[in-house]
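Only one structure is covered here, and it is reproduced in the block below.
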Amino acid sequence: MDIDLVDPDLYATGGIPHEQFRWLREHAPVHRHPGNPDFWAVTRYDDVVHVSRHPEIFSSHRRLALFHEPTEEHLVLQRMMMLNQDPPEHTRKRAIVNRGFTPRTVGRLEEHIRGICDDLLDGLAGRDEVDFVRDISAPLPLYVICELLGAPPEDREKIFDWSNRLIAQDDPEFRTPGDDGMAAAGELYAYANELAVRRREEPRDDIVTRLLQPHDGEELSVEEFDLFVMLLSVAGNETTRNAASGGMLAFFQHPEQWRRMRDERAAGGERLSETFPDEIVRWVSPVNLFRRTAVQDTELGGRRIAEGDKVVVFYASANRDESAFADPYTFDVGRDPNPHIGFGGGGPHFCLGAHLARLELRVLFETLLERMPDISAAGEARRLRSNFINGIKEMPVRIG
Ligand code: HEM
């Protein structure tokens, strides 16, 4: 296997290298990937789940810089974020923020999300061709996060701009913002800080207030809240955007699945609405990989892993694993059961926003089916240059 699985150009040109992943799953499922630094590439479903569920062996504490060590400045910031913490530190914070993301709390956002989708499509009235990413899939998750935070609509553009600069879209590793990204992070941090102080003084019936109020004696400090807002604007944004864009592309490539959804809705059915969002996440795998670091010697897939080794789990590969899915290379909007691990392999870091992301995808595509049933590709999609996010940067579509 002489392919460089982390070369961002590989992803920019061909997307996820599914043929190579298939070969690895069969011949070298835990593969010592050469490079500087080298790492173990984990490609089978069961092994990805094992790594995800054993944080005492595979730590998240040193993970954010996927392949290179971060600068001290980045490290300080990153280590304070939940995503890069291990139990028990992680457990406390996660228990607090879980309160804001239960299916019930998230379900209450449905009408707001429908309103956002309608507004976005209203804004395109009179146009024949638009960019699906710029005009639909990028603003949607961001506006939803603004809604979640209770930020007023007039602040949306500002927050959109900060988070775009923070994720440094053309950075293949996504996690090392340059000076401009750090400046944007500072502004977002200050904004969140103001929001937290205001909500503490004037509590409302919203998620921000819930996170800042003591519950069983636990609450987020204002600093923890600020960092959480930054994490949300990274974790909830690019992921959902690319699930939506990748989902749209999948429908263009499999028009019979789009027709299937249209026909079901025309007949008054709704069953596919329960299954298609997860199939989109499995098929697209918007997050290709995450890194862990072994903190003890261990064994995985018959290979000996040493303490300190970097271990990279490839969700995009696991989600096509023949041993976990029937016909994994078929995009099937009715797939059920669908035990995909696009939101993580089920350990303590399992995606906090999974219910929200599913809801956003469901409402978006329901709205499109209703209002733009004949939406079609108007040119090639341009892919993102990243090994981390399976992304689309531009995708012209015809809506007129
Ligand atoms: C974590 C995927 C949407 C917030 C994760 C992880 C993955 C993931 C793979 C890491 C799991 C692990 O390490 O075991 C996705 C995908 C999404 C999505 C594919 C969209 C389709 C969202 C949304 C939000 C969100 C909408 C919030 C608004 C988070 C947070 C974490 C996380 C806060 C860290 C959780 C922790 O460390 O405990 N997500 N995500 N995600 N996600 Fe998502």
Side-chain angles (χ1 to χ4, degrees), residues 42 48-55 58-61 63-64 66 78-87 89-98 100-102 105-106 109 113 137 140-149 159 163 174 207-208 211 220 224-225 227-247 276-293 311-316 318-319 340-365 388-391:
V42 181
V48 173
V49 168
H50 177 82
V51 170
S52 306
R53 294 188 181 176
H54 289 279
F58 302 100
S59 164
S60 290
H61 185 56
R63 83 166 157 185
L64 254 201
L66 294 172
Q78 290 172 5
R79 290 229 163 122
M80 287 161 73
M81 285 197 191
M82 188 165 77
L83 189 63
N84 309 306
Q85 292 174 336
D86 292 325
E89 204 179 3
H90 171 268
T91 319
R92 175 194 152 262
K93 245 178 241 171
R94 179 71 196 231
I96 301 174
V97 299
N98 273 347
F101 289 84
T102 61
T105 319
V106 167
L109 291 172
I113 296 175
S137 68
L140 170 64
L142 206 275
Y143 291 1
V144 171
I145 289 171
C146 290
E147 188 68 48
L148 204 86
L149 297 175
I159 301 176
S163 65
F174 258 83
I207 290 176
V208 176
L211 298 183
L220 288 186
E224 285 172 335
F225 174 79
L227 284 164
F228 180 62
V229 170
M230 295 227 281
L231 175 59
L232 278 192
S233 65
V234 176
N237 213 344
E238 197 72 22
T239 47
T240 316
R241 169 192 309 194
N242 286 299
S245 307
F276 82 78
D278 278 296
E279 180 64 350
I280 287 179
V281 176
R282 182 190 77 87
W283 184 256
V284 177
S285 294
V287 177
N288 179 36
L289 54 80
F290 254 127
R291 171 192 150 185
R292 303 289 199 264
T293 308
V311 175
V312 176
V313 292
F314 285 90
Y315 303 114
N319 278 336
H340 74 83
I341 49 176
F343 290 120
H349 293 280
F350 183 80
C351 178
L352 176 71
H355 298 302
L356 181 61
R358 286 189 186 103
L359 181 63
E360 288 181 52
L361 291 172
R362 175 164 71 72
V363 173
L364 171 64
F365 285 104
F388 176 50
I389 293 280
N390 179 25

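In each ligand, atom 1 is the first atom listed, and ligand 1 is the first ligand listed. One is the number of the first residue; the rest follow in order along the sequence. Excluded from the calculations below are hydrogen atoms, water molecules and symmetry mates; all remaining heavy atoms, backbone and side chain alike, are included.
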Taking the side chain as every heavy atom from C-beta outward, state whether Leu109 and Leu356 have any atom pair closer than 4.5 Å. yes

A student checking ligand 1 against His90 at a 4.0 Å heavy-atom cut-off should list atoms 36 (C), 37 (O), 38 (O)

With atoms numbered from 1 as shown, which atoms in ligand 1 lie under 4.0 angstrom from a non-hydrogen atom of Ala243? 21 (C)

Suppose we screen for salt bridge (charged side-chain N to carboxylate O under 4.0 Å, His left out). Which residues come up paired with Glu279, at least two apart in sequence or across chains? Arg282, Arg335

His90 meets the side-chain contact (heavy atoms from CB on, under 4.5 Å) criterion, sequence neighbours left out, with Met82, Gln85, Arg94, Pro348, His349

Within a distance under 4.0 Å of any heavy atom of Gly344, pick out the atoms of ligand 1 and give their elements. 9 (C), 11 (C), 14 (O)

So do the side chains of Leu227 and Leu231 get within less than 4.5 Å of each other, counting heavy atoms only? no

Does the N or O separation between Arg94 and ligand 1 drop below 3.5 Å for any pair? yes

Numbering the atoms of ligand 1 from 1, which are under 4.0 Å from a heavy atom of Ala357? 3 (C), 20 (C), 21 (C)

Per-atom filter on ligand 1: closer than 4.0 angstrom to a heavy atom of Phe290 are 6 (C), 10 (C)

So, regarding Glu360 and ligand 1 (criterion: nitrogen or oxygen to nitrogen or oxygen, under 3.5 Å), is there a contact or not? no

Those atoms of ligand 1 less than 4.0 Å from some heavy atom in Leu232: 27 (C), 28 (C)

Below 3.5 Å, N or O to N or O, backbone or side chain included: is there any such pair between Arg292 and ligand 1? yes

Min side-chain heavy-atom separation Phe290-Leu83 under 4.5 Å: yes

Could you list which atoms of ligand 1 come closer than 4.0 Å to a heavy atom of Pro286? 19 (C)

Are the side chains of Thr293 and His61 in touch, meaning some heavy atoms are under 4.5 Å apart? no

Would you call Leu149 and Ile207 a side-chain contact if the rule is heavy atoms closer than 4.5 Å? no

Can you list the ligand 1 atoms lying under 4.0 Å from a non-hydrogen atom of Leu356? 28 (C)

